[in-house]
Amino acid sequence: MSRSWTRSTSALVGTATALAVLTACGGGDSESGDAGKGTADKPVTITFWAWQKGSKDVVDAFNASHKNIRVKFEEIPSGNAGGYAKISNAVKAGNAPDLVTVEYPMLPEFVSQGSFQDISKYVTDDVKKQFLPQSIQQTTLGGKNWAIPFDAAPQAYFYRKDFFEKNRIQVPKTWDEFKAAAQKARAADPKARIGTFFPDDPTTFEAMAWQAGAQWFRADGDTWKLNTADAATNKVADYWQGLIDDKLVQNAVSFSPEWTASLKDGSTVGYLGASWGAGVLKGTLPDQSGKWAVAPVPTWDGKPASGMLGGSTWAVTKGSTKTEAALAFAQWMSTTPDGIDARIKSGTSSAFPADIALRPTAKKTFDTSFYSGQDIYRLFDAAGSSINANWGWGPSMGTTNTTLKDQLGKVAGGSVKITDAIGAAHDATVTELKKRGLKVEG
């Protein structure tokens, strides 16, 4: 796994120069008023916002085992469902929590807005060695460290094993086979669909483009080069447009009551997700234990390849005066067996730790009976090894993804094509970067 991730760091090195410009005017530091880690007699209380499965269980375990730091937890909506807006508004209002969750794609956006603290002095070489090089690279912007990595999120395909076996449908290894399987599933049951187009979640489409070899953002010196109309992206867009036009996939908001109901009634029998999806399905569909299995995500040529769908970090907000305590908790969540064990044994999380040494803990703790005892962490390891090394996130993913989300919502109705949605996101991104005074080509 490490060889693939190491290669990917070289693809992102050029980003540092452009991000140096980005971060020069943003991001607080942790030098003023740090309350330290507290003592048993005078514990420090920190506030923590997150949406990841198992977060409350982790907080409860930490509070039960630590006397010098107390964590006050608030569950917020996922980022795309309003979590990021809540964090941003709280920072602007001066009442943000001490520690928040942020996915890798959105970290540059928050850093550019000056929302997070530079935590470089806490992220020592010994700390960095614990994590995948890629996760450190994606949390290092402008030569500074801005967050503690938590997990990686290689793609995976979850499917109803009983439905596939009953109808003699081969688990697809290629995207051509996926389309054929979708046709066969619909023929067997007119309501059945083996996947979903999520109009509200641009990151799922981006993971597909990433897997196919696209590279939307590239930094060249102090210039951002955008290319969202390359052959790989167009191939993915045309493919999914065809599935939608032929009504071979569901069209539902991700994790909505509508989507969940389709899983429960058997009209959705497959899910193109990521490693964390194993816990989501298990927690959502307890009555379907033993019916689901996990496979590598289909690829274009049948050879292993993956993008990354999500993946989270912990960041300290600029207004916090409790940086040391917040980071002590963050590192406990990300780098200790107790932290990983507390999250995963809740039964709802299948986190794939960015701390490589904790993979055995995760594998041991996650109850795979829902998947008939399948060794899903072995599959996730292989998927992680195949992550395409040439993808990097841009500095205004909020604008990019908001526009893409708005436009993708119109695709199912036929008023917008996926390629048009990508084009609109591209134009909005260029406008935003120029407004920020950054050099842009493409």
Side-chain angles (χ1 to χ4, degrees), residues 1 50-65 73 75 78 101 132 149-165 171 254-255 259-266 268-297 306 308-312 332-385:
M1 174 122 185
W51 63 80
Q52 285 84 358
K53 298 294 185 181
S55 291
K56 183 180 183 302
D57 300 271
V58 171
V59 170
D60 289 345
F62 182 87
N63 284 337
S65 59
F73 172 63
E75 183 173 349
S78 64
T101 181
L132 294 169
F150 168 55
D151 65 341
Q155 292 172 283
Y157 180 54
F158 303 86
Y159 65 98
R160 277 283 298 271
K161 181 175 60 174
D162 59 332
F163 180 89
F164 275 63
E165 290 177 350
V171 179
S254 56
F255 312 112
W259 185 69
T260 301
S262 74
L263 292 168
K264 291 182 177 179
D265 67 19
T268 295
V269 294
Y271 164 44
L272 289 160
S275 49
W276 47 265
V280 172
L281 288 181
K282 178 183 175 183
T284 304
L285 306 167
D287 293 342
Q288 294 183 13
S289 180
K291 296 182 178 181
W292 287 84
V294 192
V297 69
S306 179
M308 191 161 73
L309 176 52
S312 300
W332 184 86
M333 285 194 290
S334 289
T335 65
T336 70
D338 288 345
I340 295 297
D341 182 74
R343 183 179 297 278
I344 293 180
K345 74 180 180 182
S346 69
T348 59
S349 174
S350 55
F352 186 58
D355 185 332
I356 302 170
L358 292 179
R359 301 280 171 77
T361 298
K363 177 178 177 178
K364 180 180 179 181
T365 303
F366 187 80
D367 179 2
T368 59
S369 58
F370 184 84
Y371 300 98
S372 302
Q374 182 181 356
D375 189 349
I376 63 174
Y377 274 86
R378 182 178 180 182
L379 185 148
F380 297 157
D381 263 320
S385 297

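Because the structure is predicted, anything quoted here is derived from the model rather than measured.
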**Request:** Mind checking side chain to side chain donor-acceptor pair (under 3.5 Å) for D287 and listing every partner two or more places apart, or none if nothing turns up?
**Result:** none
**Request:** Measure up the F352 and Y377 rings against each other and bin them: parallel (under 30°), tilted (30 to 60°), perpendicular (over 60°).
**Result:** tilted
**Message:** Once side-chain contact (heavy atoms from CB on, under 4.5 Å) is applied, do any residues pair with K161, and if so which ones, sequence neighbours excluded?
**Reply:** Y159, E165, A293, S372
**Complete:** On a heavy-atom basis, the closest approach of A153 and S275 is CA-OG, 3.5 Å
**Item:** Non-hydrogen atoms of P353 and R359 that approach each other most closely
**Value:** O-NE, 2.7 Å
**Message:** Could you tell me if the side chain of F73 sits less than 4.5 Å from the side chain of V58, heavy atoms only?
**Reply:** no
**Prompt:** Where is the tightest heavy-atom contact between L379 and A156, given as atom of each residue plus distance?
**Reply:** CD2-CB, 4.4 Å
**Request:** Can you sort out the partners of D60 under side-chain contact (heavy atoms from CB on, under 4.5 Å), two or more places apart, ordered by chain and number?
**Result:** K56
**Prompt:** S349 and I344: which non-hydrogen atoms are nearest, and at how many Å?
**Reply:** O-CG2, 3.6 Å
**Request:** Locate the shortest heavy-atom distance separating D57 from A342; write the atom from each residue and the value.
**Result:** CB-O, 3.7 Å
**Asked** What residues, two or more places apart in sequence or in another chain, satisfy side-chain contact (heavy atoms from CB on, under 4.5 Å) together with D355?
**Response** Q130, F131, T335, A357, L358
**Complete:** For A278, the side-chain contact (heavy atoms from CB on, under 4.5 Å) test, sequence neighbours excluded, returns F158, S350, F366, Y371, I376, F380
**Message:** I'd like to know if the side chain of D367 pairs up with that of S369 as donor and acceptor (distance under 3.5 Å, no hydrogens or angles considered).
**Reply:** yes
**Request:** Apply side chain to side chain contact (heavy atoms under 4.5 Å, CB included) to D338 and F62, showing your working.
**Result:** CA-CA 9 Å; D338 288 345; F62 182 87; over 6 Å; no
**Item:** Contact summary for A362 and A351, nearest pair of heavy atoms
**Value:** CB-O, 3.9 Å
**Prompt:** Roughly how far, to the nearest 0.5 Å, is CH2 of W259 from OG1 of T268?
**Reply:** 7.5 Å
**Asked** What's the spacing between M308 CE and D151 CG if we round to 0.5 Å?
**Response** 8.0 Å
**Asked** Can you tell me how far NZ of K363 sits from CZ of R378, rounded to the nearest 0.5 angstrom?
**Response** 7.5 Å
**Asked** Roughly how far, to the nearest 0.5 Å, is CG of L281 from CG of L263?
**Response** 6.5 Å
**Message:** Between Q374 and T368, is there a side-chain heavy-atom distance shorter than 4.5 Å?
**Reply:** no
**Prompt:** Can you list the steps and then say if F150 with I340 is a side chain to side chain contact (heavy atoms under 4.5 Å, CB included)?
**Reply:** CA-CA 10 Å; F150 168 55; I340 295 297; 4.0 Å; yes
**Request:** For K364, check salt bridge (Lys or Arg N to Asp or Glu O under 4.0 Å) against everything at least two apart and list the hits.
**Result:** none
**Complete:** Output for pair (K53 NZ, T284 OG1), nearest 0.5 Å, gives 5.5 Å
**Message:** For V280 and Y271: C-alpha separation, side-chain torsions, deciding distance, then whether side chain to side chain contact (heavy atoms under 4.5 Å, CB included) applies.
**Reply:** CA-CA 11 Å; V280 172; Y271 164 44; 5.6 Å; no
**NZ-OG1 distance between K345 and T365, expressed to the nearest 0.5 angstrom** = 8.0 Å
